[in-house]
Amino acid sequence: MFPVLHLVMLAVVLGVSFITIYLMVQERDLLKMIVLSAAQSTFYAIALYILLVPDVVLAYIAVAVGIYTALLMFAVKKTERFEEA
Amino acid sequence: MTGLVAAVSILIVLFALAYGLVVLGISGPPAPAKLRLLGEKYLYYMINPATKYFTAESPEGVSAILWDYRGLDTLYETMVLFGAIIGAILVYREYLHSEPGKTGKIYGLSLIVRAVSKIIIWLTIIIAVAFGFTGQITPGGGFVGGAAFAVVPVLLALVYTLGYARRLGLTHRRALLLRATFLLLLVLVIITPLIAGGYVFQNQAKPGSSFSFPGRFIDSTPLGGSIFLLNLFELFAVAGAFTVAFILLGVIASLKEGD
Amino acid sequence: MGVGEVFWLYVWLIIMANAGMALYGLIMRPNVLKKIACLTVLADTSFIVLALIGYRFKYPVSPYVMTSWAPDNATLTRFISESVDPLPPTLTITAVVINLSITILLVFLAIRLYEVYGTLDVKKIAMIKKELRGEQ
């Protein structure tokens, strides 16, 4: 048996990411959806960090939290904000 | 009806995932004692002074594979990114020449935000370039640095408005020129060994060709040969591509407000 | 069933649930921007899967970065016995960039779609197309 604290953290982070994705898919306000998507990316980045892939973490943080958010924000500003049922 | 189709397709995908990875055991049991053979070979050869013909002189595994062992993959990946940017420009070609927001007046966010953003922009540039320079030693590299660099045009457009960024000289033509120039330099580094009598994408000396990029800096810091140069050029190429994309988005967004 | 198997099953169920939720949003939600966001979530889940494939459930475990710059055989053996697989992260970085370029292109096309049809709701777009076909 070896130390498992990092694996417990991995389990918790993945569980929270599932909740975030559920909220994100349910959300009708697209700006809130983008913020939830960024939060989900942060949890995934923590999971990738625990899985010891530092290159992917650095690239993923910049892309998923920075560039996707900015890209979709621009798109929402240009188009419509609310999704109808 | 759509719901039924969605449910069936989701279930099929999920069962395929479950069957492929748990039953067939592609990833193996939860505690693989041994590494897969391919990964083991990469780790063994990437900085090994004893194996002259196989080493990449880079202590960082991903950079060694990305730019040496599987370099052609990465080259084509760069081409795909370039193609996506060109496609986006083709969709919106006519808007780029309309030159909106030429007042040159800074009417962005408040003074405090602008002062803080100035520091953050410079820090981001320094971090991004550092990622590119040390990509062969520590995690980081061309793509990471370029993606971090892309935060700069976003901040400029959000905080200072696009007109001010244009007055600073940040136009889509220049960004595209940056992209094309560094892509050309990248290709030049790739075909240099061919001109010198070796193989395409050659880094260190191989059997039949003694050409070799410098593997070590003066104080024996690993340079990774061509990996260092390729990382550096890729950094500016990716940064140029993202700058074009965000300038284009900013132009579109400001056109909507102007109408 | 030991603790290891239960943990592996839990992680795998979460990943399947995330992928399924992203697929649900991709197929059932009408807004194109939400479809794009769900597509990125689906891709991100595949990155987690790739990282899990390369990971080694043992201790100590280290990333694939060699700390010694002139390693001898003993250092190399210890490094190989500890390090995670470097190939899946490499593929993941390629996937991140390809996915990013796809997303950029999709967002531009979505804005173009809004300019043509005045909405991003695919059901409304289908109705408008049907009306246009009826007029002709």
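Below, read A as the first sequence line, B as the second, and so on, with proteins coming before strands; counting in each chain starts at 1. Side-chain atoms are counted along with the backbone in the values below, which use heavy atoms only and exclude waters and symmetry mates. Everything numeric here is computed off the predicted structure, so don't read it as measured data.
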Let me confirm one number: the [atom1]-[atom2] distance from [X] to [Y], rounded to the nearest 0.5 Å.
X: B:Met79; Y: C:Ser101; atom1: CE; atom2: OG; value: 13.5 Å
X: B:Glu77; Y: C:Thr94; atom1: CD; atom2: OG1; value: 4.0 Å
X: C:Leu105; Y: B:Ile85; atom1: CG; atom2: CD1; value: 8.5 Å
X: B:Met46; Y: C:Phe79; atom1: CE; atom2: CZ; value: 3.5 Å
X: C:Ile104; Y: B:Leu81; atom1: CD1; atom2: CG; value: 6.5 Å

(message) Let's go through B:Ile89 and C:Phe108 carefully: what are the C-alpha distance in whole Å and the side-chain angles of both, what is the deciding distance for side-chain contact (heavy atoms from CB on, under 4.5 Å) to 0.1 Å, and is it a yes or a no?
(response) CA-CA 9 Å; B:Ile89 289 176; C:Phe108 276 101; over 6 Å; no
Check whether [X] gets within reach of chain B through its side chain, its backbone, both or neither, counting any heavy atom under 4.5 Å.
X: C:Val96; result: neither
X: C:Leu100; result: side chain
X: C:Phe7; result: neither
X: C:Leu13; result: neither
X: C:Met28; result: side chain

(message) I'd like to know whether OH of B:Tyr76 has more than 12 heavy-atom contacts from other residues, nucleotides or ligands below 6.0 angstrom.
(response) no
(message) More than 12 heavy atoms of other residues, nucleotides or ligands under 6.0 Å from CG of B:Leu72: yes or no?
(response) yes
(message) Donor-acceptor check, side chain of B:Tyr92 to backbone of C:Arg112, threshold 3.5 angstrom: yes or no?
(response) yes
Does any heavy atom of chain C fall under 4.5 Å from the side chain of [X], the backbone, both, or neither of them?
X: B:Phe242; value: side chain
X: B:Ile47; value: both
X: B:Val13; value: side chain
X: B:Thr221; value: both

For [X] versus [Y], what's the shortest heavy-atom pair and its separation?
X: C:Gly20; Y: B:Ile10; answer: O-CD1, 3.9 Å
X: B:Pro222; Y: C:Trp69; answer: CD-CD2, 3.3 Å
X: B:Glu40; Y: C:Ile80; answer: CG-CG2, 3.5 Å
X: C:Thr90; Y: B:Val62; answer: OG1-CG2, 3.8 Å

Check whether any side-chain heavy atom of [X] sits under 4.5 Å from a side-chain heavy atom of [Y], and report yes or no.
X: C:Leu76; Y: B:Asn48; result: yes
X: B:Pro49; Y: C:Pro71; result: yes
X: C:Asn73; Y: B:Tyr44; result: yes
X: B:Leu43; Y: C:Pro86; result: yes
X: B:Arg70; Y: C:Leu87; result: yes
X: B:Ser9; Y: C:Ile27; result: yes

(message) I need the contact set between residues 130-144 of chain B and chain C: heavy-atom distance under 4.5 Å, sorted by residue number.
(response) B:Ile137, B:Pro139, B:Phe143
(request) Using a cut-off of under 4.5 Å on heavy-atom pairs, state which of B:Gly83, B:Gly87, B:Gly39 scores highest against chain C. (result) B:Gly39
(message) What verdict does the side-chain contact (heavy atoms from CB on, under 4.5 Å) test give for B:Leu66 and C:Ile93, after you've listed the backbone C-alpha separation in whole Å, the side-chain angles of each residue and the deciding distance to 0.1 Å?
(response) CA-CA 9 Å; B:Leu66 208 61; C:Ile93 286 197; 4.3 Å; yes
